[in-house]
Amino acid sequence: MTGIVWLASYPKSGNTWMRLLIANLDGEAEAPTDINALSKRRGIASSRELLDELTLLESGLLTDEEVDLLRPAVYCAWAAEIAGRDGGARQRAQPLPPRHFIKSHDAYTRLSDDRPLLGGAEAARGAIVIVRDPRDIAPSLADHRGCSIDEAIDLMSDPEAAQARSSRGQNRQLRQRLLDWSSHVSSWLDQNDIPVCPVRYESMLADAAGMLTRAMAFAGCPTTAEQVARAVRLSAFEALRRQEEAKGFAEARVGRRFFRRGEAGGWRAALSKDQVARIEGLHGPTMARLGYATTV
């Protein structure tokens with residue numbers, strides 16, 4: 001069995017919180033994992049540094065399309081490297097090291113030659129797919145990007161949406177095709193290459209311990225109640241906000257907080273009736289599929 005478990009989500013859906021919950025399963029000390037250590041663990045699929053290192057190429061000289069052609073082989077090589085470091089597939093009672101759980105905001109897409117962009121089953125054992133009510137994503141995404149809520153809704157409805165495009169100079173991350181929100185979610189849930197474990201952000205808020213236990217069991221990493229309780233305690237939003245206030249967070253945009261409220265249902269106060277109707281009109285079927293009740 002290969003070494004990667006994707007932590008897949010549309011931006012601002014709880015991916016970073018899940019990564020920190022998993023990172024805080026490791027160890028016994030009461031000090032939480034440094035939030036800025038996540039990016040040092042080669043833990044992001046869009047890492048330009050990773051592609052350059054594994055291909056011995058300068059990705060900044062390539063187009064986004066040329067980079068995409070290289071990405072499946074990069075993830076397969078990465079998975080082989082992880083498996084070799086760990087002595088191949090293992091049966092163990094301890095959680096896998098955080099390096100096995102890799103963040104991806106990419107939609108699950110295929111290249112023109114039908115290869116999965118993320119390498120398919122050769123690269124990953126499965127994906128934990130984190131979803132969130134799109135009405136709550138919109139104001140969070142707007143705050144993160146420094147744009148209006150209407151502009152965030154535009155992005156979430158754009159079938160050509162992507163982040164970290166290279167059109168205005170080299171971005172520190174590789175381009176990630178997002179598609180529109182509904183297509184992003186469906187791309188992961190409907191693909192047949194690898195198994196998926198859907199996790200609702202709202203369920204994480206209601207029962208972080210239960211969701212973490214279920215996700216880790218899916219990944220083949222059984223945990224103890226003590227490990228999970230510790231991870232949940234050290235990953236509480238108050239603790240994460242204190243860390244960000246004290247030393248910043250490398251994944252936040254300049255001048256913007258990353259860890260905002262950590263709540264569900266805030267859209268009721270943040271969105272206008274027209275904005276709610278627009279989101280529900282565009283994404284109602286996918287919302288219903290995920291159990292999000294609409295107001296219309």
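Please read these numbers as outputs of a predicted model, since none were measured by experiment.
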S.K.: Backbone N or O of Ile137 within a donor-acceptor pair of the Ser140 side chain at under 3.5 Å?
M.R.: no
S.K.: Please examine the side chains of Phe101 and Cys221, heavy atoms only from C-beta on, and report whether any two atoms are closer than 4.5 Å.
M.R.: yes
S.K.: Under a 4.5 Å side-chain heavy-atom rule over Ile, Leu, Val, Met, Phe, Trp and Tyr, are Met216 and Phe218 clustered together?
M.R.: yes
S.K.: Might you point out which heavy atoms bring Ala123 and Cys76 nearest each other, and give the distance in Å?
M.R.: CB-N, 4.0 Å
S.K.: How long is the straight-line distance from CZ of Arg115 back to CZ of Arg71, given to the nearest 0.5 Å?
M.R.: 12.0 Å
S.K.: Any donor-acceptor pair under 3.5 Å linking the side chain of Asn15 with the backbone of Leu7?
M.R.: yes
S.K.: Between Asp190 and Arg289, is the closest basic N to carboxylate O distance under 4.0 Å?
M.R.: yes
S.K.: Say you draw a straight line from CG of Leu21 to CZ of Arg230; how long is it, rounded to the nearest 0.5 Å?
M.R.: 11.5 Å
S.K.: Does Tyr201 share a hydrophobic cluster with Val232, counting links as ILVMFWY side-chain heavy atoms below 4.5 Å and allowing steps through other members?
M.R.: yes
S.K.: How many angstroms lie between atom OH of Tyr108 and atom CD of Gln191, to the nearest 0.5 angstrom?
M.R.: 5.0 Å
S.K.: Run the side chain to side chain contact (heavy atoms under 4.5 Å, CB included) test on His100 and Ile82 for me, step by step, so that the C-alpha distance in whole Å, both residues' side-chain angles and the decisive distance to 0.1 Å come before the verdict.
M.R.: CA-CA 7 Å; His100 290 256; Ile82 290 172; 3.1 Å; yes
S.K.: If I compare all heavy atoms of Trp17 with all of Ser235, which pair ends up nearest, and what's the gap?
M.R.: NE1-O, 3.1 Å
S.K.: Check step by step if side chain to side chain contact (heavy atoms under 4.5 Å, CB included) holds for Glu202 and Arg132.
M.R.: CA-CA 7 Å; Glu202 295 78 12; Arg132 185 183 186 186; 3.7 Å; yes
S.K.: How many angstroms lie between CD in Gln227 and OG1 in Thr224, if you round to the nearest 0.5 Å?
M.R.: 3.5 Å
S.K.: I'd like to know if the side chain of Gln173 pairs up with that of Ser47 as donor and acceptor (distance under 3.5 Å, no hydrogens or angles considered).
M.R.: no
S.K.: Taking side chain as C-beta onward, heavy atoms only, is Ile102 less than 4.5 Å from Ile44?
M.R.: no
S.K.: Linking I/L/V/M/F/W/Y whenever any side-chain heavy atoms sit under 4.5 Å apart, do Val185 and Leu155 land together?
M.R.: yes
S.K.: Looking at Glu65 and Arg175, is there a salt bridge between them, counting it only when a charged N and a carboxylate O are closer than 4.0 Å?
M.R.: yes
S.K.: Side chain to side chain contact (heavy atoms under 4.5 Å, CB included), that's the test. Do Met18 and Val199 meet it? Break it down for me.
M.R.: CA-CA 10 Å; Met18 179 63 83; Val199 173; 4.2 Å; yes
S.K.: Strictly distance-based, threshold 3.5 Å: is any side-chain N or O of Glu122 a donor or acceptor partner for the main-chain N or O of Gly119?
M.R.: no
S.K.: May I have all residue pairs that pass ring pair (Phe, Tyr, Trp, His ring centres under 6.0 Å) and include part of residues 119-138, sequence neighbours excluded?
M.R.: none
S.K.: Can you tell me how far CG of Leu118 sits from OG1 of Thr109, rounded to the nearest 0.5 angstrom?
M.R.: 7.0 Å
S.K.: Would you check if Thr16 and Leu20 make a side-chain contact, meaning some heavy-atom pair closer than 4.5 Å?
M.R.: yes
S.K.: List the residues meeting side chain to side chain contact (heavy atoms under 4.5 Å, CB included) with Ala231, not counting sequence neighbours, and say none if there are none.
M.R.: Asn24, Leu25, Leu212
S.K.: Are Trp6 and Tyr75 close enough that their ring centers fall under 6.0 Å?
M.R.: yes
S.K.: Quick check: closest heavy atoms across Asp52 and Ser59, and the distance to 0.1 Å?
M.R.: OD1-OG, 2.7 Å
S.K.: Check the hydrophobic clustering (I, L, V, M, F, W, Y; side-chain heavy atoms under 4.5 Å; chains of links allowed) and say if Val276 and Ile279 are grouped together.
M.R.: yes
S.K.: Check Asp136 against Gly266 and note the closest heavy-atom contact, atom names and distance.
M.R.: OD1-N, 3.1 Å
S.K.: Taking all non-hydrogen atoms of both residues, which atom of His283 and which atom of Ser182 are closest, and how far apart?
M.R.: ND1-OG, 2.7 Å
S.K.: ring-ring contact (aromatic ring centres under 6.0 Å, His included) with His105: which residues, sequence neighbours excluded?
M.R.: none
S.K.: Just by modelled atom types, is the Leu174 backbone N or O under 3.5 Å from a matching donor or acceptor in the Gln176 side chain?
M.R.: yes
S.K.: Between the side chain of Asp158 and the main-chain N/O of Asp180, is any donor-acceptor distance below 3.5 Å?
M.R.: no
S.K.: Between Leu179 and Glu160, is there a side-chain heavy-atom distance shorter than 4.5 Å?
M.R.: no
S.K.: Is there a donor-acceptor pair closer than 3.5 Å between any side-chain N or O of Arg125 and the backbone N or O of Ala219?
M.R.: yes
S.K.: Decide whether Met156 and Leu189 are clustered together by the hydrophobic rule: side chain heavy atoms of Ile, Leu, Val, Met, Phe, Trp, Tyr closer than 4.5 Å, transitively.
M.R.: yes
S.K.: Any side-chain heavy atom of Tyr10 within less than 4.5 Å of one from Leu141?
M.R.: yes
S.K.: Keeping Ser157 on the side-chain end and Ile153 on the backbone end, is there a donor-acceptor pair under 3.5 Å?
M.R.: yes
S.K.: Would you say Leu50 and Val74 make side-chain contact, with heavy atoms under 4.5 Å?
M.R.: yes
S.K.: Would a distance-only check, ignoring hydrogens and angles, find a side-chain to backbone donor-acceptor pair under 3.5 Å from Thr55 to Leu57?
M.R.: yes
S.K.: I want to check something: taking the side chain as every heavy atom from C-beta on, are Val129 and Cys197 in contact at a cut-off of under 4.5 Å?
M.R.: no
S.K.: Would you give the length of the straight line joining atom CG of Leu54 to atom CG of Leu51, rounded to the nearest 0.5 angstrom?
M.R.: 7.5 Å
S.K.: Please check if atom CG in Asn192 has more than 12 non-hydrogen atoms from other residues, nucleotides or ligands closer than 6.0 Å.
M.R.: no
S.K.: Does some side-chain heavy atom of Val131 sit less than 4.5 Å from a side-chain heavy atom of Ser13?
M.R.: no
S.K.: Ignoring hydrogens and geometry, is there a side-chain-to-backbone donor-acceptor pair from Asp193 to Ala121 under 3.5 Å?
M.R.: no
S.K.: Please determine whether a side-chain nitrogen of the Lys or Arg among Asp68 and Arg177 lies less than 4.0 Å from a carboxylate oxygen of the Asp or Glu.
M.R.: no
S.K.: Check Arg145 with Glu151, please: is the shortest side-chain N to carboxylate O separation under 4.0 Å?
M.R.: no
S.K.: Evaluate Arg278 against Asp154 for side chain to side chain contact (heavy atoms under 4.5 Å, CB included), listing each step before the verdict.
M.R.: CA-CA 10 Å; Arg278 187 177 172 207; Asp154 287 341; 2.2 Å; yes
S.K.: For Gln163 and Pro11, work out which heavy atoms get closest and say how close.
M.R.: OE1-CG, 3.7 Å
S.K.: Does the Trp188 side chain pair with the main chain of Asp106, one donor and one acceptor, at a distance under 3.5 Å?
M.R.: yes
